[in-house]
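Here is the structure we will look at, set down as structure tokens.
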Amino acid sequence: MGFSLKHVLVFVLIGALLNLKGSEGIRFVIDREECFSHDVKYEGDTVHASFVVIKADSPWHYGDEGVDLVVKGPAGDQIQDFRDKTSEKFDFVAHKSGVHKFCFTNKSPYHETIDFDVHVGHFSYFEQHAKDEHFTPLLEQIAKLEEALYNIQFEQHWLEAQTDRQAIVNDAMSRRAVHKAIFESAALIGASALQVYLLQRLFERKLGTSRV
């Protein structure tokens with residue numbers, strides 16, 4: 001029995017690691033509206049999702065307008081609704097199996113780049129052996145391990161997207177600060193040149209008056 005248990009442990013761990021690759025991380029450009037579908041095969045599965053507005057398609061725009069996201073179930077029922085968000089991380093339990101839709105809406109006049117990640121957690125081995133008292137504790141621990149491994153991967157993807165957004169915002173602000181400094185310097189030089197010109201004209205007029 002011990003030998004069989006070891007083999008089951010190895011296969012289940014391999015299955016757990018392979019299942020982590022089921023997460024979908026995509027980066028896309030949105031104009032007005034974009035919808036994505038994800039098939040949840042089993043009722044009761046937990047769906048994890050996140051999104052980050054990376055940048056707007058304008059060198060002068062780096063505001064926090066955000067986008068809207070509506071999540072709908074297979075029957076068209078609304079599950080989640082986010083408004084004017086630059087980033088969000090959430091999860092929900094699928095009450096029905098089937099295709100779930102994630103629809104983004106961009107209300108700003110600029111194209112925006114969005115990083116979107118979705119993953120469905122499902123533990124098939126647990127269902128197959130749930131009635132076996134020898135396997136149940138082991139599979140519960142493996143389920144927790146799989147969830148912990150995915151959480152690390154999910155959190156890493158989220159942080160990378162946040163870092164990319166912050167880097168772009170900082171770069172835009174730096175470029176705007178440089179342009180502002182150049183403009184202020186040019187204005188100062190122009191004002192100084194104007195002052196020199198006016199003083200020169202004033203001295204010339206005074207000198208002409210004194211000669212008369």
Side-chain angles (χ1 to χ4, degrees), residues 13-40 45-72 78-94 100-123 142-184:
L13 282 173
I14 292 173
L17 292 172
L18 290 175
N19 192 42
L20 288 177
K21 297 180 180 179
S23 62
E24 291 183 3
I26 58 173
R27 190 166 292 190
F28 63 96
V29 177
I30 182 174
D31 179 15
R32 286 289 171 263
E33 185 177 40
E34 289 286 344
C35 291
F36 298 90
S37 299
H38 193 87
D39 188 16
V40 180
D45 282 356
T46 301
V47 181
H48 306 268
S50 69
F51 69 89
V52 177
V53 179
I54 302 296
K55 65 176 181 177
D57 191 15
S58 170
W60 296 101
H61 181 73
Y62 54 90
D64 292 327
E65 285 81 1
V67 295
D68 299 344
L69 170 63
V70 176
V71 182
K72 292 185 177 181
Q78 185 169 298
I79 298 174
Q80 298 279 1
D81 185 7
F82 301 100
R83 300 290 172 179
D84 299 320
K85 294 286 187 178
T86 56
S87 64
E88 192 65 55
K89 184 169 53 175
F90 61 96
D91 57 69
F92 61 89
V93 176
H100 288 62
K101 294 188 70 174
F102 300 79
C103 290
F104 292 90
T105 302
N106 176 26
K107 294 182 290 188
S108 80
Y110 308 98
H111 290 77
E112 294 192 329
T113 301
I114 299 176
D115 189 285
F116 176 52
D117 188 15
V118 60
H119 168 80
V120 178
H122 176 73
F123 311 117
I142 290 176
K144 292 178 181 179
L145 174 62
E146 180 182 6
E147 187 67 18
L149 289 172
Y150 173 72
N151 285 339
I152 293 172
Q153 183 190 49
F154 185 77
E155 194 69 25
Q156 182 180 10
H157 184 93
W158 163 265
L159 291 174
E160 286 175 354
Q162 292 279 19
T163 301
D164 289 347
R165 169 181 167 79
Q166 195 58 47
I168 292 171
V169 169
N170 291 342
D171 181 64
M173 292 181 68
S174 297
R175 282 189 284 109
R176 184 168 181 175
V178 169
H179 292 157
K180 182 180 178 183
I182 293 173
F183 175 78
E184 290 177 347

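Not measured: the values here are computed from a predicted model. FYI, the numbering just counts along the sequence from 1.
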Mind checking the [atom1]-[atom2] spacing from [X] to [Y]? Nearest 0.5 Å is all I need.
X      : Y      : atom1 : atom2 : value
Ser87  : Asp115 : OG    : CG    : 11.0 Å
Phe82  : Thr105 : CZ    : OG1   : 13.5 Å
Phe104 : Ile30  : CZ    : CD1   : 7.5 Å
His100 : His38  : NE2   : NE2   : 9.5 Å
Asp31  : Tyr110 : CG    : OH    : 13.5 Å
Lys107 : Glu112 : NZ    : CD    : 11.0 Å

If you look at every heavy atom in [X] and [Y], which pair is closest and at what distance?
X      : Y      : value
Cys103 : Glu33  : CB-OE2, 4.4 Å
Lys101 : Cys35  : CE-CB, 4.4 Å
Val40  : Ala94  : CG1-CB, 3.7 Å
Ser50  : Phe116 : O-CD1, 3.3 Å
Lys72  : Gln78  : CG-CA, 4.2 Å
Phe36  : Ile26  : CE2-CD1, 3.3 Å

Donor-acceptor contact present, side-chain Arg32 to main-chain Ser108, <3.5 Å: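 Indeed, once roles are kept as given, a pair shorter than 3.5 Å links the two residues.
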
Given ring pair (Phe, Tyr, Trp, His ring centres under 6.0 Å), test Phe51 with Phe102 step by step and report yes or no.
-> CA-CA 11 Å; Phe51 69 89; Phe102 300 79; over 10 Å; no

Only one of Asn106, Thr113, Ile114 passes side-chain contact (heavy atoms from CB on, under 4.5 Å) with Val29, and that residue is Thr113

Margin query: Counting C-beta onward and ignoring hydrogens, is there a side-chain heavy-atom pair between Leu69 and Lys85 closer than 4.5 Å?
Written below: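 SC-SC contact between Leu69 and Lys85 ruled out.
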
Under 4.5 Å between any side-chain heavy atoms of Gln80 and Asp91, yes or no?
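The answer is no, as the side chains (C-beta and beyond) never meet within the 4.5 Å cut-off.
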
